[in-house]
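Just so you know, these numbers use all the heavy atoms, side chains as well, and skip hydrogens, waters and symmetry mates. Below, chains carry the letters A, B, ... as their sequence lines are ordered, and counting in each starts from 1.
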Protein chains: 2
Amino acid sequence: MKKVSDSTVLRLSLYRRHLREFQDQGRLTVSSGDLAARAGTTAAQVRKDLSVFGTFGKRGLGYPVAELAGALRDILGLRRPWRVAVVGTGRIGGALMGYREFRSEGFHIVLGFDADPDKVGSTIQGIPVRSDDDMERELVEREIDIVIVAVPAGAAQRVVDRAVGVGARAILNFAPVALEVPEGVALRTVNMAVELEGLSYALAEARRDAHRGGE
Amino acid sequence: MKKVSDSTVLRLSLYRRHLREFQDQGRLTVSSGDLAARAGTTAAQVRKDLSVFGTFGKRGLGYPVAELAGALRDILGLRRPWRVAVVGTGRIGGALMGYREFRSEGFHIVLGFDADPDKVGSTIQGIPVRSDDDMERELVEREIDIVIVAVPAGAAQRVVDRAVGVGARAILNFAPVALEVPEGVALRTVNMAVELEGLSYALAEARRDAHRGGE
DNA sequence: GGATGTGAATGTCTTCACAGCT
DNA sequence: AGCTGTGAAGACATTCACATCC
C-alpha cells in the first residue's frame, strides 16, 4: 500500500465528522467544496485526499453523503469497536476515561491502571482501575487494542516499553515527552504544553513585531 | 519577520525541555546530534531550526546549554508568565485547570467559566469559576492572554467569536471541531478524537496488510 | 453545466554535504 | 579533529488547471 500522510488521515477524520452533519441535515450529496468549507481546507485537497483511497464521487454531482461516510468508516477502521486502556488515572487520565467523544466513536475504555494502591480496585467513570503491576497480564487478557498513556513524563517511556513488550500496536501519549517505539507500533503524542508554547510564541512574536513596527 | 513553521516552533519547545535535562546533568554544552537524539529528530534539523533565530553554537564545540535554553525561553515568549482562562469546566476543562505542567511553564490559569449555575462561584483546583455570561467583561478586566476552549463541539465557535470580539489573540481549542478565527489570532486545536482515529487507521491498515500478505 | 479525478506546477519542509570556524 | 551554519538537492504536500464524465 502506498504511504498515506498523517495529515491526510487527520483530514479524513474531519471529513467524516462533517459528513455526519450533512447527513443529519438530510443532504444526499456534497461537493468537495462543501466539505472543504466546513473542514477548513480546499476543494482540491478534499479530492486529492479521497482519491488516494478510490473514486467515490460522480462528476457533475458530488459525493453521495451516506456512502462516503461509510467508506471513511472503513478506511479509518471504525467499523468495529476498539478496546482501550488508560494508564495513569490522575486528572488527565480520569477525564479521558469519561470523555464521551471516545465512546461514541467506538473507542471503549475498558480498564484503567494506576500505581496508587488507594485507587486500585475502585472505579472511575464506571471503569475499573487495576494495579499498574498487573498491566502486562491485563493488557493481554482483556485484549486491549490501544493504550493511552497519561502518566508523568518520567514514567511514560517505561510504560510504553512494557506495553510494547506484550504486543501493544497503538499508543496515544499525553505525557509531555517524546517517546520511542519500534517499527510497526503506531504512536501519537498529544503534547498540550507544547501547544500552549506555540501560542506563547505567537503572542511574543506579535509583540515583537509591534515594537518594531511590524516589518 | 520571516515565517516560521509550526513544526519548527513545536520542536523548539522540545529542545528546550531536553536542554533542561542536560542542564540538570551538569552538561555545559550539547551538540546538535545530542539534542536530536533526545528530541527524536536529526542533527541537521536541529541546526536548521535554531539557525532561523540566530547563531547560538560554536563550531567544533556545540551549543552552550544554559545560554541556548535562555534564548529559547525568549523566542518562545516564556520569559514572563501568561494569564490563561479556561472556558468550560467539565472533566477536560477541570483537568486542565489542575495540570501542573502549565503552571510550571509560566501559564497561570486565573479563571474558569461555566454555564452551569451550580458551578459558578465555586472553585476548581483552587481557581474561581465565573459565569459564562460575564466572560467578555472578565476576559478584559483580568487581562487574559490565552483562552482555553473546553466546551462541547457545538458551543465552541460561539465561545471563540465572543472571545475574539473582546480582543483575544490566542486560543487553545479542545473541542473536536475545526474553528474559524480572523487573521492575527493564534489558534491551536488539540483534537483527541482525531488522534485516536489516526491510531485506528493504523491498526486497520496493518490488519489489511496482513490479510493481503503485506505487499 | 457542474463537479470530479489527476498530472503538472508550485510551495514547503527535510536531508545532504561541505566550507569554515574553534 | 569536531561540529556548526547553510546553500543546494531532494522529498513531500498542496494548489492549479483542465480533460473527463454525469
Does the ring of A:F22 carry A:R38 above it, NZ/CZ under 6.0 angstrom from centre and within 45° of its axis?
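That pair qualifies as a cation-pi contact.
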For [N], does either OP1 or OP2 sit under 4.0 Å from a side-chain N or O belonging to [X]?
X     : N      : answer
B:S32 : D:dC3  : no
B:R59 : D:dT6  : no
B:Q45 : C:dC13 : no
A:Y63 : C:dG5  : yes
A:T42 : D:dT15 : yes
B:S31 : D:dC3  : no

[X] [atom1] to [N] [atom2], straight-line distance once rounded to whole Å:
X     : N      : atom1 : atom2 : answer
B:F53 : D:dG5  : CZ    : C1'   : 16 Å
A:D34 : C:dA3  : CG    : C1'   : 11 Å
A:L50 : C:dA3  : CG    : P     : 16 Å
B:R11 : C:dT15 : CZ    : C1'   : 12 Å
B:F56 : D:dT6  : CZ    : P     : 11 Å

Nucleotide of [options] approaching [X] most closely (side-chain heavy atoms):
X     : options                : value
B:A44 : C:dC16, D:dA13, C:dT12 : C:dC16
A:T55 : C:dG5, C:dA19, D:dT14  : C:dG5
B:K3  : C:dT12, C:dT22, C:dT14 : C:dT12

Report yes if a donor N or O on one partner sits less than 3.5 Å from an acceptor N or O on the other, where the partners are the side chain of B:R47 and the base of D:dT4; otherwise report no.
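There is none.
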N/O donor-acceptor pair, side chain B:K48 with base C:dT14, under 3.5 angstrom:
no
So if I apply the side-chain contact (heavy atoms from CB on, under 4.5 Å) rule between B:L12 and each of B:V46, B:V4, B:L76, which one comes out positive?
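That would be B:L76; it is the only one of B:V46, B:V4, B:L76 passing the side-chain contact (heavy atoms from CB on, under 4.5 Å) with B:L12.
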Within this structure, what is the CZ-CE distance for the pair B:R91 and A:M97, rounded to the nearest 0.5 Å?
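With rounding to 0.5 Å, CZ (B:R91) is 11.0 Å from CE (A:M97).
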On DNA chain D, more 5' by nearest nucleotide between A:T41 and A:L61 is A:T41
N-O pairing of A:R20 and A:E105 below 4.0 Å:
yes
Please tell me whether B:D49 and B:Q45 have a donor and an acceptor in their side chains that are separated by less than 3.5 angstrom.
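There is such a pair between these side chains.
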